[in-house]
Structure formats: structure tokens, C-alpha cells
Student: 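One structure coming up, written as C-alpha cells, with questions to follow.
Throughout, protein chains are lettered first and strands after them, A, B, ... in sequence-line order, and every chain is numbered starting at 1.
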Protein chains: 2
Amino acid sequence: MSQTLHRGLLVIELLGERPRRIAEIAEELEVHHSTALRLLHTLRSEGFVHQQDDSRYRLGSSMFRLAHHALEGIDVRDLARPDMERLSQRCGETVHLGILEGRQVVYIEKVEAKHPVRMYSRIGAVAPLHCTGLAKAILMRLDPERRDQLLHDHQFTAYTDATHTSPESLLDDLTRSAERGYTRDDQEHEPGIHCIAAPVLTADGRPAAGVSISAPTSRISSQTLLEQVPDLLIATQRISHHLGWEHERSPASTRRAYT
Amino acid sequence: MSQTLHRGLLVIELLGERPRRIAEIAEELEVHHSTALRLLHTLRSEGFVHQQDDSRYRLGSSMFRLAHHALEGIDVRDLARPDMERLSQRCGETVHLGILEGRQVVYIEKVEAKHPVRMYSRIGAVAPLHCTGLAKAILMRLDPERRDQLLHDHQFTAYTDATHTSPESLLDDLTRSAERGYTRDDQEHEPGIHCIAAPVLTADGRPAAGVSISAPTSRISSQTLLEQVPDLLIATQRISHHLGWEHERSPASTRRAYT
DNA sequence: TGCGTGTGTGCAACATATGCATAGACTACG
DNA sequence: CGTAGTCTATGCATATGTTGCACACACGCA
């Protein structure tokens with residue numbers, strides 16, 4: 001609606017990709033050099049853009065400062081709730097949201113399709129790392145160093161026959177889960193309960209939370225549950241997108257770590 | 001220079017602090033509601049701003065995505081070089097820049113005041129974690145978990161009489177260093193060489209690099225070296241600022257970790 | 001029912017953003 | 001040394017685009 005602002009934002013997006021020279025920016029915007037220069041000056045005066053030694057422009061400290069500060073203030077629950085509700089309505093099952101806190105996973109939100117009123121049954125409950133779909137979804141995208149550290153002195157308590165009882169077994173599961181993008185928990189924690197789960201990722205690719213669909217085996221077969229995977233992934237990708245995660249990753253998905 | 005763009009950026013900054021309602025934004029900008037609405041629409045259409053369920057606005061995914069992507073592309077060397085050169089000119093001593101890579105600290109840049117031509121003597125060299133000012137500067141702001149992990153099976157080799165030979169001794173040093181904002185290395189690594197160092201921090205408060213001033217004890221006394229601390233801190237704070245770090249921290253410096 | 005809020009759209013007035021010309025500073029290059 | 005190619009910067013006339021206002025609608029709430 002506002003042309004000038006729109007052009008300014010376009011400049012920010014162009015510089016977000018890579019540093020650029022002024023001629024390039026003017027050409028992309030299809031405006032005169034002097035117009036581009038004026039926009040750049042305004043952006044620079046507010047610190048959104050920085051001019052490097054080679055006179056090219058790149059994004060400036062205000063972008064980093066504001067983005068980080070705003071991210072801090074965001075509550076994953078608020079962000080995830082709409083998509084969780086939609087997901088629950090589509091599949092008709094219970095949807096959980098959990099985050100990693102310290103050395104355990106905590107459930108922080110729950111939506112039950114059947115009961116419009118939220119039931120806080122499991123809210124605040126903690127889950128063992130090695131045998132719930134939700135915890136595994138977070139683990140599978142966790143930085144390997146951190147993951148190894150968490151699992152190092154973890155108690156692999158056997159809750160059922162299906163529970164992983166060794167780090168090797170769990171890591172193998174995590175590797176295969178990461179490849180297909182979601183985790184399964186077929187009665188590993190509770191007999192008669194199975195679930196699927198996927199991680200919510202931030203802009204830097206780290207897992208901010210996990211979302212799971214769980215159901216009793218008595219009502220839903222494994223096959224039917226797995227049919228919900230596409231909807232689950234759509235939901236987690238939508239939530240991740242809100243946190244800046246780009247679904248389309250460049251082929252070279254191994255990126256620099258520093259800064 | 002450009003009023004509309006300037007107002008748009010102001011909106012971004014206002015929303016960076018906290019989510020706000022449209023009336024509040026219009027009031028802050030001193031413009032009509034409809035004008036604020038038009039700006040918000042433009043910002044929203046580009047994803048810079050997101051409207052929550054309660055109809056308030058907050059920063060949107062584009063900010064997170066662009067900021068993160070731009071940060072990835074930034075080379076700390078380019079960022080630090082100008083301030084390193086200025087620092088070196090002011091104090092007349094050698095200034096190093098180093099980063100943590102894996103389990104060691106690597107020197108990636110060096111400026112010698114005496115010799116205008118850069119000497120790559122130590123560039124690429126690695127430093128032991130427990131006895132150089134630069135490594136200690138990074139360690140002192142590192143996430144405690146990560147730090148403990150690094151020091152867990154670290155070899156506390158004694159290079160001189162002053163070298164820390166135990167984790168306890170080093171951690172004690174780090175604590176005191178963190179309180180005053182810089183580290184010292186009085187011949188802990190090389191006899192006849194002492195230095196001071198301080199960390200470069202990113203928006204989330206993590207150390208991206210370290211900067212040190214080192215000199216031979218034969219030419220510079222401890223006292224004279226310590227007089228350079230203010231200049232050193234000004235330099236590291238300037239570099240940190242480029243990465244989005246806000247020097248003025250809120251009193252509650254302990255912030256949430258999630259997202 | 002009225003009130004406060006946010007949303008949205010014409011439209012006239014005019015503030016302002018634009019393109020162009022021009023010029024200085026600087027670098028690279030032959 | 002001149003030439004060409006950058007980026008920077010400013011003045012100015014034009015007309016484009018932005019603004020404020022009026023007005024209307026939707027919604028939640030007392």
C-alpha cells in the first residue's frame with residue numbers, strides 16, 4: 001500500500017540475501033540511483049543497514065538486535081496454539097506441545113479435539129527423553145554435542161517391551177527419524193498409547209519445541225495414525241515458519257556455525 | 001530523509017520492544033490511525049510484522065529469517081578489523097582476534113601497530129584454553145554447560161609457573177574476570193609475554209570471538225598494560241554492537257533461554 | 001442500546017518522494 | 001596524466017504518492 005516503505009523493505013530483503021552495491025539495488029528496485037541512495041540513507045540512519053568498507057551495504061545491527069529481542073518475547077504456546085487446534089480438528093486426536101527444559105521435556109500445551117475445553121491433565125508433566133515421540137522429535141534435531149551430553153548419564157528405564165534401553169538403540173531411531181522428518185512412539189512409554197511427533201525449528205535450525213499426536217492403540221491403528229503425518233508436518237512447518245525457519249533449505253544444508 | 005520509510009522503521013522498532021495495538025502505534029508516530037494502518041499493512045504484506053489473535057501487532061517471521069541469514073554471512077574478521085586497527089594504533093601494541101572452533105581457540109586475525117603490513121605469524125595457530133587471555137575471554141562468557149564440557153577432559157599443561165593447572169583455579173579466574181569484564185594473562189602461556197583480553201558478544205549474549213592486546217613484559221609493565229583496558233573494552237563493545245549486542249543490559253540480566 | 005475498538009475506503013489537498021542534471025571524491029587502468 | 005567507472009551528494013521542478021478526514025462496518029462488551 002505504501003510504495004516508499006515497500007521499496008525500503010525490499011531493500012532490506014535484498015540485503016538479507018547478500019551485501020550489494022548501490023547500483024545493483026537501484027536496478028532491482030527499478031528506481032533512480034539517487035532514490036536508492038535516499039532509501040539507503042534512511043535505513044542506515046536507523047541502523048537497519050550498514051555500509052562496509054568496500055562501500056557495499058549489508059544488514060545492520062538494528063536488525064539483529066530487534067529480531068533477537070522480539071524472539072525472546074515470543075511464547076511458543078501462543079504461536080503454536082492456532083495450528084495445534086487446526087491439526088487436532090483435522091485428525092480428531094489429542095495434540096501436545098512440549099519443550100526441552102534442562103535435562104527433560106515438559107508438556108506446555110495440549111489440545112483435545114473431543115473436548116472443546118482444554119484439559120490440563122498433562123500440562124506441566126515431564127517426559128523421559130528416550131521413549132516419547134515428542135522428546136525424540138526434539139532430540140533428533142538437537143545439536144549432537146548437546147544431545148550426547150543429555151544422554152550421557154540418562155537412565156534408560158524400560159517402561160514397556162518397546163522402550164529403548166540403550167543409547168545406541170535410541171540414536172539409531174533418531175537418525176532414521178531425522179531422515180523422514182518425524183518420530184514414532186509405538187507403546188514405548190505407555191502400553192496402549194502410540195504417537196507421532198515432529199519438531200518446531202527456529203531460524204537457526206535448532207528445535208524450539210515438539211508437537212505430537214497421540215492416541216490409544218485400541219481406537220486407532222498404526223496405519224491410520226501414520227496417515228496423519230502429512231498434516232502434522234504441515235502444522236510444525238507452519239509454526240516453525242513463524243520463528244523464521246525457512247523450509248526450503250539450500251542444497252548445502254551444512255552451514256557455518258560461528259558468529 | 002524519507003519520511004514514510006522512517007515511520008515504517010519506527011514501527012518496527014516499537015514492535016521490537018513489545019507487541020502493540022494500532023492506537024498506540026498511531027499515537028507514538030503522531031499520525032492518523034489510517035496512516036498507521038496503511039504502514040502496518042505494508043509491513044504485514046512483507047512478513048515484517050505479524051498480527052496476533054488479540055489483533056495486536058508484533059514482529060514477524062521476515063525479521064527473524066533475514067536477521068539470521070544475514071548474521072550467518074557475516075565474517076567476524078571483516079567486522080572487527082577496523083576497530084582492531086584503531087585499538088592497535090591507540091595502544092601501540094599487537095592486537096589479536098580469535099574464535100572458538102571445536103575444542104580449541106584459533107587466531108584468525110592480527111594487527112601489529114609497528115608494522116603496517118600484517119604479519120600472519122600466528123594466524124591459524126591454536127591456543128590452549130586454560131592459559132591465554134583470549135581463550136579465557138571467550139570461556140568466561142560461554143554457556144556454563146558448554147564450558148564445563150570443554151574443560152571436562154582438558155589437559156591443564158603447565159607452560160610456566162603462572163599457568164592454571166586445575167579446573168578450580170581456572171574457573172575462579174574466569175568468575176573474577178567476568179565480573180570486571182576482561183581477562184588477564186600474566187605470563188601464563190609464554191614467559192615474558194602478558195596480555196589482556198575481552199569477548200565479542202552477539203545479540204543473544206554468546207561470545208562470538210575474543211580480542212586481546214599482548215606485549216612483552218620487557219617493554220610494557222603490567223600497570224601500563226592495564227591502562228589499555230578501557231580502550232580494549234570500547235573496541236570489543238563496538239564490535240559486539242555490530243552483531244546486535246546491546247551494551248545496556250536490563251537489570252534482570254538473566255533472560256529466558258527457550259525459543 | 002451505546003461505547004470503544006479495529007478495519008477499510010473514497011477523496012481532496014498538499015507534503016513529499018521522485019527523476020534528472022550536475023558536481024565532487026575516489027579508484028582503477030592504460 | 002587523462003579517462004572511465006564507481007559512489008556520494010545536492011538543488012529543483014514535477015507530479016506522484018501520502019496523508020488526514022469523513023464515513024461506514026464489524027465486533028465485543030457493558
Student: Can you name the one residue among A/Arg56, A/Arg20, A/His50, A/Arg58 that meets side-chain contact (heavy atoms from CB on, under 4.5 Å) with A/Leu15?
Tutor: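 It is A/Arg20, the one option of A/Arg56, A/Arg20, A/His50, A/Arg58 that forms the side-chain contact (heavy atoms from CB on, under 4.5 Å) with A/Leu15.
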Student: Would you kindly give the CD1-to-C1' distance between B/Ile25 and D/dT19, to the nearest whole Å?
Tutor: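 It works out to 18 Å between those atoms.
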Student: What's the separation between atom CE in B/Met84 and atom OG1 in B/Thr94, rounded to the nearest 0.5 Å?
Tutor: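 B/Met84 CE to B/Thr94 OG1: 10.0 Å, rounded to 0.5 Å.
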Student: To the nearest 0.5 Å, tell me how far B/Leu9 CG sits from A/Thr42 OG1.
Tutor: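 Here the rounded value is 7.5 Å.
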Student: Which whole-number value in Å describes the distance from B/Glu30 CD to D/dG20 P?
Tutor: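 Roughly 11 Å, once rounded to whole Å.
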Student: Quick one: does any side-chain atom of A/Thr4 pair with a main-chain N or O of B/Leu5 as donor and acceptor, under 3.5 Å?
Tutor: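 No; judged by distance alone, with no hydrogens or angles, the pair does not exist.
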Student: Is a side-chain N or O of B/Thr183 found less than 3.5 angstrom from the main chain of B/Gly133, in a donor-acceptor match?
Tutor: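 Here the side-chain-to-backbone pair exists.
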Student: Using five base pairs at each end to define the local axes, how bent is the helix from C/dT1-D/dA30 to C/dG30-D/dC1, to the nearest 10°?
Tutor: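 One end's axis against the other's: 40°.
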Student: For residues A/Arg238 and A/Ile234, determine if any side-chain heavy atom of one lies less than 4.5 Å from a side-chain heavy atom of the other.
Tutor: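 They are in contact (side-chain heavy atoms under 4.5 Å apart), so the answer is yes.
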Student: Distance check, rounded to the nearest 0.5 Å: A/Leu233 atom CG versus A/Ile196 atom CD1?
Tutor: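 Rounded to the nearest 0.5 Å, the CG-CD1 separation comes out at 8.0 Å.
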Student: How long is the span from the CD1 atom in A/Ile213 to the NE2 atom in A/His194, to the nearest 0.5 Å?
Tutor: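 If I round to the nearest 0.5 Å, the distance is 11.0 Å.
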Student: Collect all protein-nucleotide pairs involving nucleotides 25-30 of chain D in which both atoms are nitrogen or oxygen and the distance is under 3.5 Å.
Tutor:
none

Student: Does B/Arg77 form a side chain to side chain contact (heavy atoms under 4.5 Å, CB included) with B/Leu97? I'd like the steps, not just the answer.
Tutor: CA-CA 8 Å; B/Arg77 257 170 305 181; B/Leu97 178 73; 4.2 Å; yes
Student: Within this structure, what is the NE2-to-C1' distance between B/His41 and C/dT9, rounded to whole angstrom?
Tutor: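 For the pair B/His41 NE2 and C/dT9 C1', the rounded distance is 12 Å.
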Student: Please figure out whether A/His33 or B/His33 has its closest DNA chain D nucleotide nearer the 5' end.
Tutor: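 Here A/His33 is the residue nearer the 5' end.
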Student: Output all residues satisfying salt bridge (charged side-chain N to carboxylate O under 4.0 Å, His left out) with A/Arg65, sequence neighbours left out; order by chain, then residue number.
Tutor: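 A/Arg65 satisfies salt bridge (charged side-chain N to carboxylate O under 4.0 Å, His left out) with no residue once adjacent residues are dropped.
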Student: So, the side chain of B/Ser62 versus the backbone of B/Glu46: is there a donor-acceptor pair under 3.5 Å, distance only?
Tutor: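 Answer holds: yes.
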Student: If you round to the nearest 0.5 Å, how far is NE2 of A/His69 from CG of B/Asp204?
Tutor: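 B/Asp204 CG to A/His69 NE2: 13.0 Å, rounded to 0.5 Å.
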Student: Look for any protein N or O under 3.5 Å of an N or O in nucleotides 21-26 of chain C and output each such pair with its distance, or none.
Tutor:
none

Student: Any chance the side chains of B/His41 and B/Arg38 put a donor and an acceptor closer than 3.5 Å?
Tutor: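 Per modelled atom types, B/His41 and B/Arg38 side chains form no pair under 3.5 Å.
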Student: Quickly work out the A/Leu40 CG to D/dC7 C1' distance and round it to whole Å.
Tutor: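 Between C1' of D/dC7 and CG of A/Leu40: 11 Å.
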Student: Pull out every residue in residues 14-23 of chain A that has a heavy atom closer than 4.0 Å to any atom of DNA chain D, ordered by number, or say none.
Tutor: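 Heavy-atom cutoff 4.0 Å gives A/Arg21, A/Ile22, A/Ala23.
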Student: I'd like to know whether A/Glu85 forms a side chain to side chain contact (heavy atoms under 4.5 Å, CB included) with A/Arg81, so could you lay out the CA-CA distance, the side-chain angles of the two residues, the decisive distance to 0.1 Å, and finally the verdict.
Tutor: CA-CA 6 Å; A/Glu85 277 164 5; A/Arg81 200 172 295 144; 3.6 Å; yes
Student: Between the protein and nucleotides 16-18 of chain D, which nitrogen or oxygen pairs come in under 3.5 angstrom?
Tutor:
{"residue": "D/dG17", "atom": "OP1", "partner": "A/Gln3", "partner atom": "OE1", "Å": "3.4"}
{"residue": "D/dG17", "atom": "OP1", "partner": "A/Gln3", "partner atom": "NE2", "Å": "3.1"}
{"residue": "D/dT18", "atom": "OP1", "partner": "A/Gln3", "partner atom": "N", "Å": "2.7"}
{"residue": "D/dT18", "atom": "OP1", "partner": "A/Thr4", "partner atom": "N", "Å": "2.7"}
{"residue": "D/dT18", "atom": "OP1", "partner": "A/Thr4", "partner atom": "OG1", "Å": "3.0"}
{"residue": "D/dT18", "atom": "OP2", "partner": "A/Gln3", "partner atom": "N", "Å": "3.3"}

Student: Rounded at 0.5 Å granularity, tell me how far CG in B/Leu71 sits from CZ in A/Phe64.
Tutor: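 With rounding to 0.5 Å, CG (B/Leu71) is 4.0 Å from CZ (A/Phe64).
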